[in-house]
Amino acid sequence: MFHRILFSSNFPITKVRPLHAFRNPVQLKKQAFCLLLVICFVVNQAFSLPYHADEMEDLAAFAEEYDFAINFWEVTMKEQLETERAEHLVQSLKEKYTSYEDKDENRLKYTFESRHKNDPFYVIYNVILPLDKNESAEVIIVLHGTEWDNQISQKYQEEKKAILKNYLTKESQLYTCLSVQGSGIMNHDVFVNKAKMYLNIKHISTKYDNIENSRIEKSTYGYTKTWEQYYYMENTPKNVQIAAVTDRQGEMSFMIGTPILINEY
């Protein structure tokens, strides 16, 4: 890329000049300045591009960077499908897993669970078929685990790739959630600052939860160009949410997810 910019530009350094022209100190300074501008432009463009990395991989690396103890991680993949295609999917899953059915006046929900003793995480497949054939069906696939290392990372990538190939498409919505254990020396603001620095989060805003008996202390929202999906809140892009959560025993944990947390607190 640098080669193309350098030799297709109209800067003086790209023009062929007589040898005596390069002996002029003023001319040399101009050429050096132009070269520096080109280099700065290329470097800035390279570092300003979004990474499009895997959100779960990034969050796991964030936890490892600060030595956070992981409570659990969860990746949810959702997509609406035509009812006929979803029905074929149900039949395909029935050949592999035991199904559980739940029916009400509006829809029929099939649940399939892939959980083996030696698996580092489990996968739950939910297929929701509307009783009204004119409505779209929905597929929700959840990957859930409590540990993370290089082997689990490789297994996760393989499973995710297989899901997109066999059951969903790249148009599916992806929601990622990581829960880490809190400590006496770390509060919500400290955790947010660490995430802010690591993920280069912008457009930060915080909301307090006033719902009675809520386990959420407060939630912070922001945007990182590292990840592609985002939505708008108060006219600014958001794709990161951080929540401080207190369990029934009063223990504090921190959840970070993208683009929003959809896990049951």
Side-chain angles (χ1 to χ4, degrees), residues 44 46-78 121 142-150 152-153 156 173-265:
N44 180 69
F47 281 93
S48 65
L49 293 174
Y51 296 104
H52 298 305
D54 183 278
E55 291 89 339
M56 186 59 238
E57 296 282 359
D58 290 338
L59 291 180
F62 166 60
E64 182 179 11
E65 174 71 18
Y66 291 101
D67 199 26
F68 292 140
I70 295 178
N71 293 325
F72 67 85
W73 59 269
E74 193 167 277
V75 175
T76 302
M77 308 169 75
K78 302 177 65 175
F121 55 87
V142 180
L143 295 80
H144 182 101
T146 57
E147 297 178 347
W148 191 271
D149 57 28
N150 290 335
I152 296 175
S153 171
Y156 160 75
Q173 295 176 299
L174 185 71
Y175 302 88
T176 304
C177 174
L178 174 71
S179 172
V180 301
Q181 189 62 42
S183 66
I185 60 174
M186 183 171 63
N187 58 25
H188 181 86
D189 293 338
V190 172
F191 185 83
V192 168
N193 285 333
K194 292 181 183 296
K196 175 183 175 182
M197 290 187 294
Y198 189 85
L199 297 170
N200 192 25
I201 300 175
K202 308 293 185 181
H203 307 305
I204 294 176
S205 61
T206 298
K207 296 183 180 296
Y208 289 85
D209 197 327
N210 298 320
I211 301 175
E212 187 177 358
N213 299 323
S214 174
R215 293 162 52 197
I216 306 171
E217 178 183 322
K218 57 182 176 180
S219 293
T220 296
Y221 302 84
Y223 170 77
T224 173
K225 63 181 179 181
T226 302
W227 301 323
E228 190 170 10
Q229 291 190 92
Y230 64 91
Y231 66 100
Y232 276 90
M233 176 187 290
E234 298 173 350
N235 298 321
T236 57
K238 307 288 185 183
N239 62 0
V240 182
Q241 181 183 354
I242 299 170
V245 184
T246 304
D247 64 19
R248 294 178 178 83
Q249 287 71 42
E251 295 291 332
M252 177 71 71
S253 63
F254 300 97
M255 296 178 67
I256 178 170
T258 176
I260 56 173
L261 292 171
I262 62 172
N263 184 275
E264 296 290 341
Y265 295 111

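- Closest approach of I256 and I242 over heavy atoms only: CG1-CG1, 3.8 Å.
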Applying side-chain contact (heavy atoms from CB on, under 4.5 Å), run through E74 and F121 and close with a yes or a no. CA-CA 9 Å; E74 193 167 277; F121 55 87; over 6 Å; no

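- Considering only heavy atoms from C-beta on, E64 stays 4.5 Å or farther from W148 through its side chain.
- Residue I201 comes nearest to G222 through the heavy atom pair CG2-CA, 3.7 Å, listed as atom of the first residue, atom of the second, then distance.
- The ring pair (Phe, Tyr, Trp, His ring centres under 6.0 Å) search around Y231 returns none, not counting sequence neighbours.
- Of all non-hydrogen atoms in W73 and E147, the two that sit nearest each other are NE1-O, 2.9 Å.
- Scored by the side chain to side chain donor-acceptor pair (under 3.5 Å) test, T258 finds no partners at all (sequence neighbours excluded).
- Taking 4.5 Å as the limit, every side-chain heavy atom of E65 sits out of range of all side-chain heavy atoms of M197.
- In this structure, the side chain of N239 does not engage the main chain of E228 through any donor-acceptor pair within 3.5 Å.
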Which atom pairs, one a donor and one an acceptor, fall under 3.5 Å between side chains of residues 187-195 and the rest of the protein, sequence neighbours left out?
{"residue": "N187", "atom": "OD1", "partner": "D189", "partner atom": "N", "Å": "3.2"}
{"residue": "N187", "atom": "OD1", "partner": "V190", "partner atom": "N", "Å": "2.9"}
{"residue": "H188", "atom": "NE2", "partner": "T220", "partner atom": "OG1", "Å": "2.7"}
{"residue": "D189", "atom": "OD1", "partner": "K218", "partner atom": "NZ", "Å": "3.3"}
{"residue": "N193", "atom": "ND2", "partner": "D189", "partner atom": "O", "Å": "3.3"}

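- For T146, there are no side chain to side chain donor-acceptor pair (under 3.5 Å) partners, not counting sequence neighbours.
- Although no hydrogens or angles enter the test, the distance criterion places a donor-acceptor pair under 3.5 Å between the side chain of T224 and the main chain of L199.
- Here the CG atom belonging to L59 is positioned 11.5 Å from the OG atom belonging to S179, to the nearest 0.5 angstrom.
- Below 30°, between 30° and 60°, or above 60°: for Y66 and F68 the angle between ring planes is below 30°, a parallel geometry.
- To the nearest 0.5 Å, atoms OH (Y175) and CE (M77) are separated by 12.0 Å.
- Rounded to the nearest 0.5 angstrom, K196 NZ and K202 NZ are separated by 7.0 Å.
- Closest non-hydrogen pair, A61 versus Y198, comes out as CB-OH, 3.3 Å.
- By the side chain to side chain donor-acceptor pair (under 3.5 Å) test, E57 pairs with S153, Q157, sequence neighbours left out.
- Under the side chain to side chain contact (heavy atoms under 4.5 Å, CB included) criterion, Q229 pairs with Q173, L174, not counting sequence neighbours.
- Taking the ring pair (Phe, Tyr, Trp, His ring centres under 6.0 Å) definition, one finds that Y230 meets it with Y223, Y232, sequence neighbours left out.
- Checked against side chain to side chain contact (heavy atoms under 4.5 Å, CB included), T236 has the following partners two or more places apart in sequence or in another chain: H203, K238.
- For Y156, the side chain to side chain donor-acceptor pair (under 3.5 Å) partners at least two apart in sequence or on another chain are D54.
- In plain terms, the two heavy atoms of Q241 and S219 that are nearest each other are NE2-OG, 3.5 Å.
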